[in-house]
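Before any comments, here is the structure.
In what follows, every heavy atom counts, from backbone to side chain, and hydrogens, waters and symmetry copies are set aside.
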Amino acid sequence: MKNVFYIMMISFLTSCAAIHNVPTSQNPNNFIQPNTTSSFVDQNGNFYPDNWLKSYGKPPMNASRRDYSLMKIATENNFQNQLTTYEELRLNNIEKRVKNKKRVIIFVHGIDNDYLFSLKNYNKAKTYMNLNSSTDEIINFYWDGLVNESLFGAAKVWVSATTNSQMAGVFGLRRILNVIHNKDIYLISHSRGASVVLSALVNPSLRGSEIKRAKNAHHVDFTNAEMLKENNNKIYSIMLAPAIGKIDFTTDANQYKTFSTQLKRMHITINNTDYVLGKGKTGFMSRNLIATDFGFKKDLFDELSKNYTFLEETDFTGQDSHEFRKYITNPKFISILKAFKLTK
């Protein structure tokens, strides 16, 4: 009876209001001079084309994984070739844009962040960095982590955005990484953005039901996703408040995943006073929502470090806020940037 109650409770919470994070602009994938690339993908990692609203319309107000995606609408209205052609052109242009750069810095937000909120945080983080407009390219990456519109909508964001983050990594961020060659790449993520990054680097373990839904409802074949290419990059990951767990590092056979040798360092924050990562520390919600203890428990970091020598950590314990802004304005973030030679 207790399990039935939990299932009913989660079902109720996830039916409450959360909306898709969609662009406010009609050309959301653009270049901003002198050295910024804006990349905006939907829940399955497809890139929003110019004038997207005219062809795809607004998503339903009560967001779900079922009803709205670019590939679903394009395929069911017989203009999927337009979408794939646009994406190929966009990725080719990104490849040309970064060709002569030395460093590429990619920001990835977490769940429950809209475009403007994320942009303000990206811009704030940039104020601490030693950026050269000639040799550095900034990529502001936006994905559909949903946006909470009510108290109960927060639970839906946690549950529904789990798969969104994985698909955004596999089909969005990974495709960007695959057109970059011979660069130093810095992936700076917050919260569930860590899942986007991790999924770009190595395939996530998606539930069979989600793989089936992606293919049958949205015409996106996860099993045919292109793997991360060996492009002679040096990849560095900085994960602030990473809302992921051990499950994100293990295969369906419970073996540790193997990462590309391009991944040189993964530096995370650990904060056992971050209430969100602890999910209240007690109660059924803390046991049934997605694992978030990688950024919460030092013992999990220690366990994973035995297998992954690229792992590093900074202790943020004492900061009780999970907000992106609080993490990037914490002096310890500046210290992390300094360790990667990214500070002014």
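Not one N or O on the side chain of Trp143 forms a donor-acceptor pair closer than 3.5 Å with the backbone of Ile111. Looking at Asn148, its side chain never comes within 3.5 Å of a backbone N or O of Asp112 through a donor-acceptor pair. The main-chain N or O of Met266 is never found under 3.5 Å from a side-chain atom of Ser237 such that the two would form a donor-acceptor pair. Between the side chain of Asp67 and the backbone N or O of Ala63 there is no donor-acceptor pair closer than 3.5 Å. Checked by atom type and distance alone, the side chain of Lys332 pairs as donor or acceptor with a backbone atom of Asp315 at under 3.5 Å. At distances below 3.5 Å, at least one donor-acceptor pair connects side-chain atoms of Gln262 with backbone N or O atoms of Asn231. With Asn182 contributing its side chain and Lys99 its backbone, the two residues share no donor-acceptor pair below 3.5 Å. Formation of a donor-acceptor pair under 3.5 Å by the Thr84 side chain with backbone atoms of Asn81 is found in this model. Put simply, the side chain of Asn30 never gets that close to the backbone of Ser38: no donor and acceptor are under 3.5 Å apart. Here the side chain of Thr314 pairs no donor or acceptor atom with the backbone of Thr269 at under 3.5 angstrom.
In this structure, the side chains of Met167 and Glu210 stay at 4.5 Å or more apart for every pair of heavy atoms. Residues Asn272 and Lys298 are not in side-chain contact: their nearest non-hydrogen atoms beyond the backbone lie 4.5 Å or more apart.
Taking NZ of Lys72 as the start and OH of Tyr56 as the end, the distance is 13.5 Å to the nearest 0.5 Å. Put simply, CG on Asn51 and CD on Gln26 are 6.0 Å apart, with the number rounded to the nearest 0.5 Å. Atom-to-atom distance recorded for His181:NE2 and Asn233:CG is 7.5 Å, nearest 0.5 angstrom. Within the model, atoms CG of Asn29 and CD1 of Ile94 stand 7.0 Å from one another, a figure rounded to the nearest 0.5 Å. Considering CD1 of Ile188 and OH of Tyr236, their distance stands at 13.5 Å, rounded to 0.5 Å. Distance NZ/Lys101 to CG/Asn35: 5.5 Å, rounded to 0.5 Å.
Remark: Tyr115 engages Tyr142 in a ring pair (Phe, Tyr, Trp, His ring centres under 6.0 Å) (not counting sequence neighbours). Applying the ring pair (Phe, Tyr, Trp, His ring centres under 6.0 Å) criterion to Phe249, with sequence neighbours excluded, gives Phe294, Tyr308. Partners of Tyr48 under the ring pair (Phe, Tyr, Trp, His ring centres under 6.0 Å) rule, at least two apart in sequence or in another chain, are Phe40, Trp52. Considering only residues two or more places apart in sequence or on other chains, Arg325 meets the salt bridge (charged side-chain N to carboxylate O under 4.0 Å, His left out) condition with none of them.
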Between side-chain atoms of residues 334-344 and protein atoms elsewhere (two or more places apart, or another chain), which donor-acceptor pairs fall under 3.5 Å?
unit_1	atom_1	unit_2	atom_2	d
Lys344	NZ	Thr127	O	2.9

Donor-acceptor contacts under 3.5 Å from residues 190-201 side chains, at least two apart:
unit_1	atom_1	unit_2	atom_2	d
His190	NE2	His322	O	2.7
His190	NE2	Phe324	N	3.4
Ser191	OG	His322	NE2	2.8
Arg192	NE	Ser165	OG	3.1
Arg192	NH1	Ala243	O	2.9
Arg192	NH2	Ser195	OG	3.3
Ser195	OG	Ser165	OG	2.8
Ser199	OG	Ser195	O	2.7

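Within a 6.0 Å radius of NZ in Lys264, more than 12 heavy atoms belonging to other residues, nucleotides or ligands are found. Residue Lys257 qualifies as enclosed at atom NZ: its count of foreign heavy atoms under 6.0 Å is above 12. Within a 6.0 Å radius of NZ in Lys234, no more than 12 heavy atoms belonging to other residues, nucleotides or ligands are found. The number of heavy atoms from other shown groups lying within 6.0 Å of CG (Leu53) is above 12. Within 6.0 Å of the NZ atom in Lys326, the count of heavy atoms belonging to other residues, nucleotides or ligands does not exceed 12.
Between Tyr122 and Phe141, a ring centre-to-centre spacing not shorter than 6.0 Å is recorded. Phe316 and Tyr327 have their aromatic ring centers within a separation under 6.0 angstrom.
Residue Leu187 comes nearest to Ile235 through the heavy atom pair CD1-CG2, 3.7 Å, listed as atom of the first residue, atom of the second, then distance.
For the pair Arg265 and Phe259, the cation-pi criterion (under 6.0 Å, within 45° of the ring axis) is not fulfilled.
Asn46 and Glu87 form a side-chain donor-acceptor contact under 3.5 Å, judged by distance and modelled atom types alone.
Between Asp184 and Arg103, no side-chain nitrogen of the basic residue sits less than 4.0 Å from a carboxylate oxygen of the acidic one, so the salt-bridge criterion is not met.
Considering Thr162, Thr163, Asn164 as possible partners of Arg65, the one that fulfils the side chain to side chain donor-acceptor pair (under 3.5 Å) test is Asn164.
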**Asked** Where do Arg90 and Thr37 land on the side chain to side chain contact (heavy atoms under 4.5 Å, CB included) test, with the steps shown first?
**Response** CA-CA 11 Å; Arg90 181 64 191 166; Thr37 295; 3.6 Å; yes

